[in-house]
Amino acid sequence: MNQPGLGVVSCDVFDTLIFRAAGTPEQCWLSLARQAYQQGIWPDDDPWAFVALRKAAEEEARAINMKLHHHQEVMLVDIYACWPSSMSDALIALESEFEYKTWRLNRSLVGLLLQRLSTDKKFILISDMYLSSELILRFFLEHAPELSIEAIYVSGECGLSKRKGDLFPYVFRDQSVSPDEVLHIGDDRISDKQMAIAAGVHTFHASLGDDYIAQIKYEQRLCSQSVHGLEHLRKQWIWDAKDNSPFSRLGGLVYGPVLCAFARWVVARCQQRGIKKIFCLLREGELISHLIKLVPGHSLMVKTLAVSRRSSFLPSQMKWSPDMLHSLAQRRGYTLNELLEDIGLDCPKEWSDLACRPLAELIELAVWSDIYVWVENRQIVIENYLQQQRIWLQIYLKQQGVENSPENAILDWGCGGSLLYNLCNVAALDNVEYFMFYSNAKALKVALQLRLNVFQPGHSASWSTVMANSPELSEILLNGSLASTRAYHIKNERAQPVAVTKPLLQAEQAMNLDRFQHAVLQWAGLAADNNWLSSGLDMFEREFLFGILYRLIQYPTWLEAEMLKWLPLPFSCGVSNPLIENAHIKKLQTLADNGTQAFAIGRDALYPFVRQCWWYPGVVSLTFPGQLQCLGEVACSQDDEKVGPFLLQQLQQCDITETAMYGAGELGLSVYNMLVSHGISINCVIDRRAETTDFKLAEHDVITLESAKLKGIKCFTVASRAYAYEITSYIRKEYSNDEALCIFSYLSVRDV
């Protein structure tokens, strides 16, 4: 902003200077529909019917304006002129006021503008919007009066738009400035960057990030319910974050909202039930304990207990039997060394090479019968050890202040509830309240016997089953550098936990886990400052928040899977393996030809490969990039996002490593990024807009098809779905009967 010669700073409005607390436009319209119905100005109690009509009315209004005025820009009055109701005037007023009340200021950008804007520079706002400049000005006069706004240009009022590119020249003329005197700030890659650069202005692209945009789109497909203030705080977090690394964004944009909502819910439940003390079980419990303490307005005593399934399961059993070895062998990754530690025995020298191998592998070998007999012959020693562990665990709980009282609660991250059941068996804690984030069908047994509160709604039981099949991802992230507990001993007359050996982390792994936890805590601070969810959250909001984690686990994007594949899976003796190994990807490539088949292989678990490895659906994302988002509940029958993965697979199958790309819009940029990130070289970018406008996509000057022909280009990739046939026909016509012509498009795989 201090650039010499700069006379005007222009700024986009929505998702740049203003965030909607109501979330996406569709979420805003859903809430609007409910209000309209309650006020009697809309007769239908189905909010989705209202949203469908609202979209259709806007499309019709744009079509009418194109026919009458040769542009597609509209205002609310144009939209509701196409509305099937005599109450359209009331709806215009309601939508305007509802929008206004849900707007939130981007404090970070306002602060930056106030700090950097000098008195000799004009500050103007430019927005592609159907709401009036008068309403926008009213907001800033009320919430940021210190911003001196020279003018506001709204596309619907001007009949011009940033996206089309004709609004910028209009602004230059109206302000009597040349393009090189203007700095434009905005979030949209096409309207605020590509077309602004094409208009000749300086730009600052304040992007929220492709990963965030994709994230909220997939979340909305799983569950349409909005959580008030969530997207506003997510966007504010992006602006406030000093560290925007992938693991920080994962902590701030995915786990932060979910964990803070869980903490809020736990506090509210405890207050309702008269609970005074809550004990969170290590490992995940340490972070959750911290978040509960950060929730404002409660006096709960919060403490972390060093109790794990390993340290409690065998001591909680009334009698040891060697037959338990078979059930222990079902634990994924549970090694011989861990078994012997848990029953108080040292590993014989002749089995030292087997110590770090999982029981699931050993049970298939001849040596298993020797192990079974050897353990069976030490029954008395084992029983004495487990009885001692039982007593020491009881002492530990008592010393930590755990009492069998309804004023006490114990929290576990969740799944089957076995850990809570173990504790109840060890210390007879049948009057205590129990909390879990999620549960699978096995937890029903625990719920029948204990006072169990589960954050995940029962309606989402199928989601929790999927998450329970890949629990390691959340366990590693939430655990961070903490170690679990395997046993107890007495030291200075106090029961002390014996920690599991920590895995040896690479410096980058440790840094990423620290970044993740710091981001979660940063979100917690932001949530507390904004009093987020202070009025509570209902079951539908809980479902949405639970779906955020379910989506990450079941349908991770390629970027997410690439990031998470390096998470360290802890094994015995401080050894760890990556969450996803390259061998998993190569194996899946031999079993499946596309993402649909690969997804089914993971879902059905018929192959030993899936049952034996630490399966996580990110394997599918890495093996078939982009295709996982076209499957299951997040699939959409007609969606541009299918184009990139489809084209990538076709190019790879045909061994094409270099191609021209036709299409330089938003979809074109998305396809471009996907192809380049997976080794496809783009030699030029083509678009019909290049006939009238000079502009770029990435580092390429966008050219016409005629220019591409002069360059001798013969291989084309069409980055379009809706116009794929039209563009393909145009290329064929230009090249006539050229036998060397090769075209890849969404509708036509390969035409020669």
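Every heavy atom of this structure was used, including side-chain atoms; hydrogens, water molecules and symmetry mates were not. Since this is a predicted model, take the numbers as computed values, not measurements.
Note on residues 208-229: pairs passing salt bridge (Lys or Arg N to Asp or Glu O under 4.0 Å), not counting sequence neighbours, are R189-D210, D211-R249, K217-E641, E219-R234, R221-D639, R221-E641.
Separation of the W42 and F50 ring centroids falls under the 6.0 Å cut-off.
One N or O on the side chain of S621 and one on the backbone of P556 form a donor-acceptor pair closer than 3.5 Å. Panel note: side chain T203, backbone H205; no donor-acceptor pair is recorded below 3.5 Å. No donor-acceptor pair closer than 3.5 Å links the side chain of D78 to the backbone N or O of V74. With hydrogens and angles ignored, the 3.5 Å screen pairs no side-chain donor or acceptor of E99 with any backbone N or O of S96.
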Give the C-alpha distance, both sets of side-chain angles, the deciding distance and a yes or no for salt bridge (charged side-chain N to carboxylate O under 4.0 Å, His left out) between K162 and D188. CA-CA 10 Å; K162 292 183 295 179; D188 192 274; over 6 Å; no
The test is side chain to side chain donor-acceptor pair (under 3.5 Å); show your working for D192 and H184 and say whether it passes. CA-CA 7 Å; D192 296 310; H184 180 69; 2.8 Å; yes
Start with the C-alpha distance between W29 and W48, add both sets of side-chain angles, then the distance that settles ring pair (Phe, Tyr, Trp, His ring centres under 6.0 Å), and finish with yes or no. CA-CA 9 Å; W29 295 335; W48 277 110; over 10 Å; no
Check the pair E157, S132 against side-chain contact (heavy atoms from CB on, under 4.5 Å), reporting the backbone distance first and the verdict last. CA-CA 7 Å; E157 293 175 342; S132 70; 3.7 Å; yes
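A salt bridge links E560 and R551; the closest N-O separation between the charged side-chain nitrogens and carboxylate oxygens is under 4.0 Å. The pair R163-E666 meets the salt-bridge criterion, since a charged nitrogen lies less than 4.0 angstrom from a carboxylate oxygen. Between E134 and R138 there is no salt bridge, since no side-chain nitrogen of the basic residue lies less than 4.0 Å from a carboxylate oxygen of the acidic one. Ion pairing between a basic and an acidic side chain is recognised when a charged N comes within 4.0 Å of a carboxylate O; R721 and D640 show such pairing. Between R20 and E26, none of the side-chain N atoms (NZ, or NE/NH1/NH2) sits under 4.0 Å from a carboxylate O, so this pair counts as no salt bridge.
How far CD of Q194 is from OG1 of T693: 9.5 Å, rounded to the nearest 0.5 Å.
A cation-pi contact links K709 to Y735, judged by a cut-off of 6.0 Å to the six-membered ring centre and 45° from its axis. For the pair R54 and Y130, the cation-pi criterion (under 6.0 Å, within 45° of the ring axis) is fulfilled.
Relative ring orientation between Y255 and F516 is described as perpendicular, the plane-to-plane angle rising above 60° on a 0-90° scale split at 30° and 60°. By the 30° and 60° cut-offs, the orientation of the rings of Y730 relative to Y662 is perpendicular. Between W103 and Y100, the ring planes lie tilted relative to each other; the angle falls in the 30° to 60° range.
Under the 3.5 Å distance criterion, with hydrogens and angles disregarded, a donor-acceptor pair is assigned to the side chains of E181 and S178. Q236 and S108 share a donor-acceptor pair across their side chains, judged by distance under 3.5 Å alone.
For the pair C11 and L109, the minimum side-chain heavy-atom distance is below 4.5 Å.
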Identify every side-chain donor-acceptor pair in residues 79-93 under 3.5 Å, counting partners at least two apart or on other chains, and give the distances.
{"unit_1": "Y80", "atom_1": "OH", "unit_2": "E95", "atom_2": "OE1", "d": "2.5"}
{"unit_1": "S85", "atom_1": "OG", "unit_2": "M87", "atom_2": "N", "d": "2.9"}

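Enclosure of atom NZ in K193 is not indicated, since only 12 or fewer non-hydrogen atoms of other residues, nucleotides or ligands lie within 6.0 angstrom. F172 CZ: more than 12 foreign heavy atoms inside a 6.0 Å radius.
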